[in-house]
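Heads up: the structure comes next, in structure tokens.
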Protein chains: 4
Amino acid sequence: MPNDTPPRGRPRIAELDERILDATRALLAEHGYLGLSMEAVAKRAGVGKQTLYRRWPRRPLLVYQAYFGGAARTGAELPDTGTLAGDLQLATAYQDHVFKQPGTVELISGMVADCLVEPDLMAALRENMMRPDLEVAAVIFARAVSRGELPGDTDIHAMAEIMAGAMFAHHVLYGEDRPGFRQALATTLAKLAD
Amino acid sequence: MPNDTPPRGRPRIAELDERILDATRALLAEHGYLGLSMEAVAKRAGVGKQTLYRRWPRRPLLVYQAYFGGAARTGAELPDTGTLAGDLQLATAYQDHVFKQPGTVELISGMVADCLVEPDLMAALRENMMRPDLEVAAVIFARAVSRGELPGDTDIHAMAEIMAGAMFAHHVLYGEDRPGFRQALATTLAKLAD
Amino acid sequence: MPNDTPPRGRPRIAELDERILDATRALLAEHGYLGLSMEAVAKRAGVGKQTLYRRWPRRPLLVYQAYFGGAARTGAELPDTGTLAGDLQLATAYQDHVFKQPGTVELISGMVADCLVEPDLMAALRENMMRPDLEVAAVIFARAVSRGELPGDTDIHAMAEIMAGAMFAHHVLYGEDRPGFRQALATTLAKLAD
Amino acid sequence: MPNDTPPRGRPRIAELDERILDATRALLAEHGYLGLSMEAVAKRAGVGKQTLYRRWPRRPLLVYQAYFGGAARTGAELPDTGTLAGDLQLATAYQDHVFKQPGTVELISGMVADCLVEPDLMAALRENMMRPDLEVAAVIFARAVSRGELPGDTDIHAMAEIMAGAMFAHHVLYGEDRPGFRQALATTLAKLAD
DNA sequence: TTGTAACCGAGACGGTACGTCTCGTCTTTCA
DNA sequence: TGAAAGACGAGACGTACCGTCTCGGTTACAA
């Protein structure tokens, strides 16, 4: 029963979604997350403010959709290399790649800051943005457990947070990426399998 | 020769610094970081806007001073427990405590977001806010190396980032602190000494 | 074709014009022209600053509207007394009355000062404020010409400027109205008919 | 007894007067009267604000001094041409010349506007700026009386105000000088002698 | 056919805050 | 005491967005 209340009135023009998201991406590229205003998005998209607010009532929701394209971020599983060490190499390399996309760092921290004042938003952000990353990471450790590399009582979730969180902090907080970091992180976590 | 050019003109009223910082702290407590406006600080402190901007031209600078009190954060060394495992327990417990101060999480992410748009500010923030934490963490690993618990070529700095960064991400990004996390982190890093 | 471009968007609330003008008049009475700020008008009228600036982007424009009520100043013709001398008596007496309204002198010179820095404003001010007065005066001399009291080549416009200008200067510049002045002006100009 | 109280304390540096007046003239030329601030004058002259305020506590006083050089405006008598008509030609031509100096119009109305809010200032302005002009004009009519061109009971002062005031209004208020005006004014006033 | 309901672009609305400017006074040090 | 420098409280300036609302007009489905 996905559509219990049949749509009344004029249906939304689907094309406008794309116009708005395109405008959002353009402005994001030009002015960054904090320099992006709903006002400007509406104007750029040639759309009334109401139309914009009706579809994305908050900036982070709009930006998330524009940047990550909704379903695009559903934890696309990484290939199984056969060992924890190999999986960690792959995963950290992937994360590195994501954070090095220009604007990503500012976007993420801007969204976090925006969302923190509204618990509902923060929950949504975690659900949509952080959880997929964590799940990708969790899969790696779950595999290691099933392989017997790690003990059965390993806190899978905590390990995932350590990996994803350390990567996040490294790129967002501490800036200037040193090449050794990714390696050190992968090695440290692989040590658990010894 | 710290003061080569003698001060000209009317000197600043030192007391106003305190009045302003007090006002900042009060408003921070009431409205959080993002709800804090320079306008309101000036009014609350009973101070002209110019006076405020003259001393702290940017919000993050003001808030940093108000919240961390400048020199207060110069990496107060943690006691040496004699083992890496012990030190890690202490350090993670301390970090946990810091992040659980109400408002800390929002404040940190707000400041990070604010600072990211201005590279100078971000540099200052790293220098003042992140570096002390990292140094505390680095000391722990340096001790472990000198004890012989860790090999001599250990990337001290990376290890510090992993520890501090994972703690940060855990509290700021992933919310809802689970008691097991701190333990898992400490254990994981202690495993390096095996 | 008075309304070629149909109004788009939400129409302005006509009532606000009156609220704003009322507030302007009140503040004008309390603080005079130079003591009147756009800020205060907006606050007094209970109106956003944007709303005020949208309608009257400059102080003199607002004050002119508030004080003279726009169309109110379209050269209300003076009655024909039958002689130039009589008309001049009437006209100068009327001008005297106008300038003796409290605040008028300060208002006029304030507006002139404000407008002089922006040629467009000055043009508007002349069009709206000075021209009607000059036209009233010009009518008097035009009548005298048609009566045959003055020669056909009389510079009507110049005479009007002499009359209105002398009255203006007398009240605004030279202050302390001496009763004889008005009479002397009327007599002098009437002499032309001899 | 010109100097009963001997000067105490450090004597003023006479040269600063000139520095300040020079700065005033420069800023006047660049930004006009209304664009001139005491703040900017002090900075430009390289002088403390107190020093400036001590010597000229109000803007119009400063500007008057800077522009007219104090004693420069003591009604330098115009030559006697032998007839009222001739004197009027000379006088109006002179006035025309004065008003056509660039910036004069804005300066005069700005100063008037500034002074009108403070009766003391207005009195000073009249005494220093308007009276000399009026006296020059009055002399013309006084001569005409003594020649017998005008009756003995002529209101000399009123006639002076008409002449000077009409010229003022013509240039300041009504803008765009038409060449015929000066002539019309002179002719009209000369008509009194018929 | 005629409601009726939600859509649309545009933009007005009351607000808040921004960062800059000027005001006229006050307070320091140096001469 | 004068002078230079500049801090001080106050508050206006004009701009930018916020999120809501209101207009006239446009689709769609339902009666």
Residues in side-chain hydrogen bond (donor to acceptor under 3.5 Å, both in side chains) contact with B:Arg12, at least two apart in sequence or another chain: none
Footprint string (nucleotides 25-31 of chain F, 5' to 3'): B base within contact, S backbone only, - free, heavy atoms under 4.0 Å: BBBS---
Mind listing the side-chain donor-acceptor pairs of residues 112-123 of chain D below 3.5 Å, one per line with the distance, residues two or more places apart or on another chain?
residue, atom, partner, partner atom, Å
D:Asp114, OD1, D:Arg59, NH2, 3.0
D:Asp114, OD2, D:Tyr33, OH, 2.6
D:Asp114, OD2, D:Arg59, NE, 2.9
D:Asp114, OD2, D:Arg59, NH2, 3.0
D:Glu118, OE2, D:Arg58, NE, 3.3

Please state whether the base of E:dG11 and the side chain of A:Lys49 form at least one donor-acceptor pair under 3.5 Å? no
Measure from the side chain of A:Gln50, starting at C-beta and using heavy atoms only, and say which of E:dA10, F:dC8, E:dC8 lies closest. E:dA10
Can you tell me how far P of F:dG24 sits from CZ of C:Arg12, to the nearest Å? 16 Å
How many whole angstroms separate atom CD of B:Glu15 from atom P of F:dC8? 11 Å
Do B:Asp22 and B:Arg19 pass the salt bridge (charged side-chain N to carboxylate O under 4.0 Å, His left out) test, and can you show the C-alpha distance, the side-chain angles, and the key distance before you say yes or no? CA-CA 5 Å; B:Asp22 284 347; B:Arg19 287 236 309 268; over 6 Å; no
Close approaches to DNA chain F from residues 52-60 of chain D, in residue order (heavy atom, under 4.0 Å): D:Arg54, D:Arg55
Whole Å only: how far is the NZ atom of B:Lys43 from the P atom of E:dC18? 12 Å
With sequence neighbours excluded, what pairs up with B:Gln50 under the side-chain hydrogen bond (donor to acceptor under 3.5 Å, both in side chains) test? none
Atom CZ of B:Arg44 and atom C1' of E:dA17 are separated, to the nearest Å, by 17 Å
What's the angle between the local helix axes at either end of the helix from E:dT1-F:dA31 to E:dA31-F:dT1, using five pairs per end and rounding to 10 degrees? 10°
Which value, rounded to the nearest 0.5 Å, describes the distance between C:Lys43 atom NZ and C:Leu52 atom CG? 13.5 Å
Only counting residues at least two apart or in another chain, list the ones meeting side-chain hydrogen bond (donor to acceptor under 3.5 Å, both in side chains) with B:Arg44. B:Glu30
Interatomic distance, CG@C:Leu125 vs CD1@C:Ile108, rounded to 0.5 Å, equals 9.0 Å
Please name all residues satisfying salt bridge (Lys or Arg N to Asp or Glu O under 4.0 Å) with B:Arg54, sequence neighbours left out, ordered by chain then number. none
By side-chain hydrogen bond (donor to acceptor under 3.5 Å, both in side chains), B:Ser37 pairs with (sequence neighbours left out) none
Which residues within residues 19-39 of chain D lie with some heavy atom under 4.0 Å of an atom in DNA chain F? none
Taking salt bridge (Lys or Arg N to Asp or Glu O under 4.0 Å) as the definition, give me every residue that meets it alongside B:Arg10, ordered by chain and number, with sequence neighbours left out. none
Judged by each residue's nearest nucleotide on DNA chain E, which is more toward the 5′ side, A:Thr51 or C:Val47? A:Thr51
Could you report the tightest heavy-atom contact between D:Ala23 and D:Val41, atom names first, then the distance? CB-O, 4.0 Å
Quick one: do the B:Thr104 and B:Tyr67 side chains pair a donor with an acceptor below 3.5 Å? yes
Using the side chain to side chain contact (heavy atoms under 4.5 Å, CB included) criterion, which residues pair with B:Glu127? Sequence neighbours excluded. B:Arg131
